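Quick caveat: nothing in here was measured; it's all calculated off a predicted structure.
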2 protein chains.
Amino acid sequence: MGHHHRRASLERARVSQAERAGAMRARLIDATIECVAELGYGRMSTNDIVRSARVSRGALAHHFPTKADLVSAAAQRLLERRVEDFRDRFTAMAPDRRTPAEALSVLWSFYDDTGGLVLLELMVAARHNRELAEVMAPVPERIAEVSADVFAEFFPELAGRPFLGEALRAVHALFSGLALNALPDGDRSGRGAEVRAFLKIIVSAMPQIVAFDPA
Amino acid sequence: MGHHHRRASLERARVSQAERAGAMRARLIDATIECVAELGYGRMSTNDIVRSARVSRGALAHHFPTKADLVSAAAQRLLERRVEDFRDRFTAMAPDRRTPAEALSVLWSFYDDTGGLVLLELMVAARHNRELAEVMAPVPERIAEVSADVFAEFFPELAGRPFLGEALRAVHALFSGLALNALPDGDRSGRGAEVRAFLKIIVSAMPQIVAFDPA
DNA sequence: AATCAAACCGGCAGGCTTGCCTGTTTGTGT
DNA sequence: ACACAAACAGGCAAGCCTGCCGGTTTGATT
């Protein structure tokens, strides 16, 4: 046989420590997000996470000494991923469908999906988790910011308007609330149609809003 | 001494069973709401509740066999109380301050306070608690309904408008979302002022909204 | 007065959770 | 080749939570 510290006949690729650690952290973080989505923050245990990630308990402890560390990291990661997807899905829109109404519709799809759900749970959970709170506190601001950027880029006629940012902060709040309202009944009562109706109204009132003069 | 089954010299008033049971249930429910507010739904245990209510564990088990029963009852009670307070605080407004803007401001105060917080937690918790979900599902509808009634009563010029209900459903969602956003940082960043700014915008856009024509 | 049922008490058992701890493998520097 | 540190495995202990149970008090019934 070859020398012991190097390849045997059927060896697995030699992986650097940084890679191993990174992959492990990623698996744990992804599993955490998945567990929050499926079980909810409150019912999710570290056992559920290691089971879902198919990882040992020790690995978890090694990379994330405490549960709060893990959840905070997961929240951070989710937010980043979300911001990326955000821009991607906007820029992926067919040019001829790039109306404000369509843009808002795309924006809404981010509140309707699993990630939005997880974000909701984490916002509430943050109230009793200082570490998590520090991650979640800037979220509304950040999202409004990013969407305002994208809107300004796609609809130059809105670019300069001072109240665009405020309007999109309001839209974020509105969508969060709508998602929240849909939680108990899992959107059985055709909330989608209602939201689309709201979108029309918002769009129709948008000129009024971005032109708003506080004086 | 008098007969054993009736008054001694320093007796406590004889209380009917229905009264006792009712009082006990009320204490437990109130303690539950308080605990959700202080500890959050996830961290609240039945032990916390009986401690807060200064009641024995057995009493809890007797009146609410399972934790879900108790929480559902608490949610129900909170909603009822909230609807009452709602109408009260509206009708208590000085007649000369009865503007839509002020009305919305009063409405907002219900999302800003402890009860609103608890409702938020329960909405999220309802996702994994069928019993609670059945209580929480109608909440948004109910609140929008009540506020629409009050608005129609106070501002007759809005009464007939078909989109008043929709608008107030949207307002409910918006306020819920704003309250949610304030959770992580406990409203350190002067969210109150922001909300007041939003209110002005909403009011200015309101005519546009209630007059909205989907055609 | 005697009987019954509801209200209430306090503790126990089983299960689960988290953080830690010891041991083993794998990569890295010399 | 060797020594060292990081990565990983799996189990253990202390603590808590929930639901239940037998026993006691108190109101209702006849």
Give the table of side-chain donor-acceptor pairs shorter than 3.5 Å for residues 167-176 of chain A, with sequence neighbours excluded, one pair per line with atom names and distance.
residue: A/Arg169; atom: NE; partner: B/Glu194; partner atom: OE2; Å: 2.6
residue: A/Arg169; atom: NH2; partner: B/Glu194; partner atom: OE2; Å: 2.5
residue: A/His172; atom: ND1; partner: A/Tyr111; partner atom: OH; Å: 2.6
residue: A/Ser176; atom: OG; partner: A/His172; partner atom: O; Å: 2.8

Take atom OH of A/Tyr41 and atom P of C/dT17, then tell me their distance rounded to the nearest Å. 14 Å
Look at the side-chain N and O atoms of B/Thr46 and state whether any lies under 4.0 Å from the OP1 or OP2 oxygen of D/dC17. no
A/Leu180/A/Leu183 under side chain to side chain contact (heavy atoms under 4.5 Å, CB included): CA gap, chis, key distance, verdict: CA-CA 5 Å; A/Leu180 190 73; A/Leu183 280 187; 4.1 Å; yes
Round to the nearest Å and state the distance from B/Lys67 atom NZ to D/dG19 atom P. 8 Å
Interatomic distance where CZ belongs to A/Arg27 and C1' belongs to D/dA7 [whole Å]: 14 Å
For B/Ala61, check side-chain contact (heavy atoms from CB on, under 4.5 Å) against everything at least two apart and list the hits. none
From CG of A/Leu60 over to C1' of D/dG11, roughly how many Å is that when rounded to an integer? 15 Å
For B/Arg43 and C/dT18, what is the distance between atoms CZ and C1' respectively, to the nearest whole Å? 12 Å
I'd like to check the side chain to side chain donor-acceptor pair (under 3.5 Å) partners of A/Thr66; sequence neighbours left out, ordered by chain and number. none
With sequence neighbours left out, the residues meeting side-chain contact (heavy atoms from CB on, under 4.5 Å) with B/Arg81 are B/Asp30, B/Ile33, B/Arg77, B/Asp85
Residue pair A/Ala61/B/Met44 against DNA chain D: nearer the 5' end by closest nucleotide is A/Ala61
Going by the ring-ring contact (aromatic ring centres under 6.0 Å, His included) test, which pairs reach into residues 63-95 of chain A, not counting sequence neighbours? A/Phe86-A/Phe90, A/Phe86-A/Phe110
Going by distance alone, is a donor N or O of one side chain under 3.5 Å from an acceptor N or O of the other, for B/Ser45 and B/Asp48? yes
Looking at residues at least two apart in the chain, or sitting in another chain, which of them share a side-chain contact (heavy atoms from CB on, under 4.5 Å) with A/Arg196? A/Ala193
Under 4.0 Å, heavy atom to any atom of DNA chain D: which of residues 68-75 of chain B qualify? none
A/Thr66 vs C/dT18: side-chain N/O to OP1/OP2 distance below 4.0 Å: no
Length of the CG-P vector between A/Asn47 and D/dA9, whole Å: 15 Å
B/Asp48 CG to D/dC17 C1', straight-line distance once rounded to whole Å: 10 Å
Identify each donor-acceptor pair in which a side-chain atom of residues 118-129 of chain B lies under 3.5 Å from a protein atom, sequence neighbours left out, and give them as a table.
residue: B/Glu121; atom: OE1; partner: B/Tyr41; partner atom: N; Å: 3.1
residue: B/Glu121; atom: OE2; partner: A/Arg127; partner atom: NE; Å: 3.2
residue: B/Glu121; atom: OE2; partner: A/Arg127; partner atom: NH2; Å: 2.9
residue: B/Arg127; atom: NE; partner: A/Glu121; partner atom: OE2; Å: 3.2
residue: B/Arg127; atom: NH1; partner: A/Ala37; partner atom: O; Å: 3.1
residue: B/Arg127; atom: NH2; partner: A/Val36; partner atom: O; Å: 3.3
residue: B/Arg127; atom: NH2; partner: A/Ala37; partner atom: O; Å: 2.9
residue: B/Arg127; atom: NH2; partner: A/Glu121; partner atom: OE2; Å: 2.9
residue: B/His128; atom: NE2; partner: A/Leu39; partner atom: O; Å: 3.3
residue: B/His128; atom: NE2; partner: A/Gly40; partner atom: N; Å: 3.4
residue: B/Asn129; atom: OD1; partner: B/Glu131; partner atom: N; Å: 3.3
residue: B/Asn129; atom: OD1; partner: B/Leu132; partner atom: N; Å: 3.1
residue: B/Asn129; atom: ND2; partner: B/Tyr41; partner atom: OH; Å: 3.3

For nucleotides 5-9 of chain C, give me every protein contact, N/O to N/O, under 3.5 Å, one pair per line with atom names.
residue: C/dA7; atom: OP2; partner: B/His62; partner atom: NE2; Å: 2.9
residue: C/dC8; atom: OP2; partner: B/His63; partner atom: NE2; Å: 2.5
residue: C/dC9; atom: OP2; partner: B/Ser56; partner atom: N; Å: 3.4
residue: C/dC9; atom: OP2; partner: B/Ser56; partner atom: OG; Å: 2.8
residue: C/dC9; atom: O5'; partner: B/Ser56; partner atom: OG; Å: 3.3

